[in-house]
Amino acid sequence: MPTDSAPSTALPPADGTPLYLVDGSGFIFRAYHALPPLNRPDGTPVNAVMGFTNMLMRLLAELKADAVAIIFDSKRLNFRNEFYPDYKAHRPEPPEDLRPQFAIIREAVEAFNLPRIELEGYEADDLIATYARQARAQGRPVTIVSSDKDLMQLVDDGIRMLDPMKNKMIGPDEVFEKFGVAPDKVVDVQALAGDSVDNVPGVPGIGIKTAAQLITEYGSLEALLERAGEIKQAGRRQKLIENADLARISKRLVKLEENAPVPVPVEELKVREPDVNRLLSWLGVQGFRSIIAKVKAEIAADGTLADGAALHAAAGDGGEQQRRDLRAALDGRSYAPSAAPAVVRADAHIPRPDKVEHVLVDTEEALAAWVAEGLEAGVVAVDTETDGLTPMRASLVGISLSTRPGRACYIPVAHIDPSTPKEGAGGLDFGDGAPPPKQVPLTRALDILRPLLEHPGVLKVGHNIKFDLQMFAKHGVTVAPIDDTMLRSYVIGGGRHGHGMDELAQRHLGVTTISFDEVTRTGKSRITFDRVPLDKATAYAAEDADITLRLWHVLRHDVLADRMVTVYETIERPLVPVVARMEMEGVLVDRQVLKELSNDFAKRLVELEAEIHVLAGRTFNVGSPKQLGEILFDEMKLSGGKKSAKTGAWSTDSSVLEELADLGIPICQKVMDWRQFAKLKSTYTDTLGEQINPGTGRVHTSFALAATSTGRLSSTDPNLQNIPIRTEEGRKIRRAFVAAPGNRIMSVDYSQIELRIVAEMAGIPALQQAFRDGIDIHAMTASQVFNVPLDQMTSEIRRRAKAINFGIIYGISSFGLSRQLGIAAGEAGAFIKAYFERFPELQAYMEKTKAEAARDGYVRTLLGRKCWIQGIQEKGARKSYAERQAINAPIQGTAADIIKLAMIKLPGALADAGLNARMLLQVHDELLFEVPEAEVEATSALVRQVMEGAVDIGIPLVAEAGVGLSWAEAH
DNA sequence: CTTTTCACG
DNA sequence: GACGTACGTGAAAAGT
């Protein structure tokens, strides 16, 4: 976790804000029994839900509560059953028509956006007791909303109870009325009297009246039991002596735990303004028309439902709402009711619609009607269908829209007859297919859709909407504003599961979607989407839009509930158009340079192969690790072979070959050389040329936004984040990445960003100072760890320190370090020990991070991104692996967050400065630009400034720029 | 379709 | 005493 210098979610000081603690579980039963049966339109019983919802409304609207927690029992047994198994054992199962209401009531709390508290092993009463005492200690008045007498023990002059059914306040006087003693003696009375409902035994024959009398007389339960012999009445005396232990157990059962490990700090129990759309939708599903009217009236009155927070302040689309209102005012139209800016109709059933309409749109009139419907709704899900997966090569063949859950359409715009031959000879169409099906042609369809897609007041929701943005941009349509369900899922569950739509549909909606393969078939018989018959295409495409919108409703709430709004809104969402633009820009690649390198590599491969065959004594496939292993270890009988654990095959990776080459085995060095050239040729020089887009003459990679567990981007088709640089031969490939005439390639990279982050997050003053002083960090750590003055530093000592520094970032192990440095594990372990002794804060930080991962299942970056860690609960090697991930993820992830923030700021900063540089690539700590020759100086200064100032993490960030005619020169 | 290897940060 | 390892990716080729 961030240390003191992290952007703090500063807790407010105890400020005397009254705290309302609602006994949710208790209330459910009382509301159920108090209210007549009541069903919502679909037949689900909701009488307790109704009572509960009215109570929440009263809390917010009448009591104007600012600090609230709704507290529930956890399902399982609690700690009381450990010492008294019969506790609450005879409770009957809840009635049939109450059971389905529990889940709906939890939904109610979410819909009102109130803190919902429950904790396994504890009853709601224990959590209430804990919070009540904590708030009381801060001098805050506490109101417990409950009519459960078991809570009366908590009452004092600062803690009162409110009986929500009778609307009656309970203070010390009322408690005395009930129990005949002051609140602090209530426990003793209950221990004696017992409770048949909860199966608390007490002392047989003693009820509340007698108990109160005895406690008043003797002062306390302990005193009474000790002096039981003094009691005059023989029967009562005997019962007390015989059942003293039962009374003591009863006291433990009745006494509430005041030190429960509550899951949310008391300071964070705050009323947050609900998402009005979600709340109204939810109320609509329940059929609570009178409550909807009340909510709307409240909002009309003061713009908020609860006191405090501004409307939509926490909601993800707050900006959109404001812009929409502004736009509506400007053009004199209004797309939303003036009083309640609810845009999702309250009768929309979320997430499960009661009817499904997936329709084909093949006329301009029908399309215009859908556009009108989208404008009215204010939120639409959009999806595009194309004839390929790479956006820069694919063509648009259809568009789907969804305006509310269950309602979606498919608009084919470039479908052809399914019987059309796959490839017209030489691209010519001999007209042997039937005419295309009836549809609105592409350009006409886009003209009609444009007002919707570009309308600043209509949110366009997509699943990986970057792709759709690009498809529309190709036709001059700039889609904005946007939201992305894939990225919403990513900020919540990055590293825990995938974020593809099919998986999320299953996960969140329980829906199995129509698979793409099902529609297009697979393998050789696969057809492009423009050949899919319209009925099938509609079923598939409309479903995608429908599911996207339904996922949006769920995930929008989940992001909020998971406190990930800031990461989503400040990093992921604004990044989408930036990366979309960058991919479309593409990078200019000189085919001729690649061709020459390819020929050169081919020549050397032929030579090497011949030499290797001679040395092996026979011909074989050098590219086959299996055959090579057999040659080296079975036929040539070389020692030092390792077998892979999985298949038992000989390992022939570079570490093995290198060892043998050092022993003077000539074939091994030759194979290593062969491998290098084979890799460079097959992966880079032969392939990159083919990736040049014939239309733009440039290479357009695709950056995956939700692929990594740490928040990094990844690059595919082709991967431009792993272009060689480490060897001289490999580096030549960068000569092919060139600037267009009149331009230069500029590379700007962060210097030592991950080590800076370590220094900051772990709070290591010595490292922080070194970075502030701008000294060589590897030499400095070498000097500190190995006790060598800087002026006597050798390159070998510095190399070792550098390896340790990198090791730190990877979650160091003595094995890994020893392998990296080619030293014994024991020696490596000693280095690590010395390092930790010099920088003790580091070891403490690592322990803390591991513990956090084990406790929560995830770790966080400095900016709050969650990185889920799989396997942290396991044992042995798997656990160690998970621990190293837990150490690495916050560091790597923070660096990823920082460069993303810089990328978001750059387009605006460049435009404001009148500069025309284009951002081309991101390589984790580096950004690549194409810059007009005349603007090189100004761009270099500005980009460095923006990158260094992307966010203030405490330690200074440093960015360095290089310029040249190619990437090789710029780096 | 999985495994091995190797390119990058 | 042996596990099986440095963290994060994607692509090509071989081998099932």
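Note on naming: letters A, B, ... go to the chains in the order of the sequence lines (proteins, then strands), and numbering restarts at 1 for each one.
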Handout entry: Non-neighbouring partners of A:R726 that pass salt bridge (Lys or Arg N to Asp or Glu O under 4.0 Å), sequence neighbours left out
Key = none
Handout entry: Listed partners of A:K679 passing salt bridge (Lys or Arg N to Asp or Glu O under 4.0 Å), at least two apart
Key = none
Completion exercise
Encoded 5' to 3' (Watson-Crick or G-U under 3.5 Å; [ ] crossing; | other strand), DNA chain C becomes ......|||||||||.
Fill in the blank from the handout: For A:R799, the side chain to side chain contact (heavy atoms under 4.5 Å, CB included) test, sequence neighbours excluded, returns A:E796, A:L821
Check ring pair (Phe, Tyr, Trp, His ring centres under 6.0 Å) between [X] and all other residues, then give those that pass, not counting sequence neighbours.
X: A:F703; value: none
X: A:W674; value: none
X: A:H499; value: A:Y490, A:H497
X: A:Y858; value: A:W868

Completion exercise
Its contact letters, B for base, S for sugar-phosphate only and - for none at protein heavy atoms under 4.0 Å, make nucleotides 3-9 of chain B read SSSBBBB
Problem - Selection residues 803-814 of chain A - residue pairs positive for side-chain hydrogen bond (donor to acceptor under 3.5 Å, both in side chains), sequence neighbours left out - result: A:H778-A:N805, A:T781-A:N805, A:N805-A:Y835
Practice task
Just jot down the side chain to side chain donor-acceptor pair (under 3.5 Å) partners of A:Q922, sequence neighbours excluded, or say none.
Solution key: A:Q721
Handout entry: Contact residues, residues 579-604 of chain A to DNA chain C [heavy atom, < 4.0 Å]
Key = none
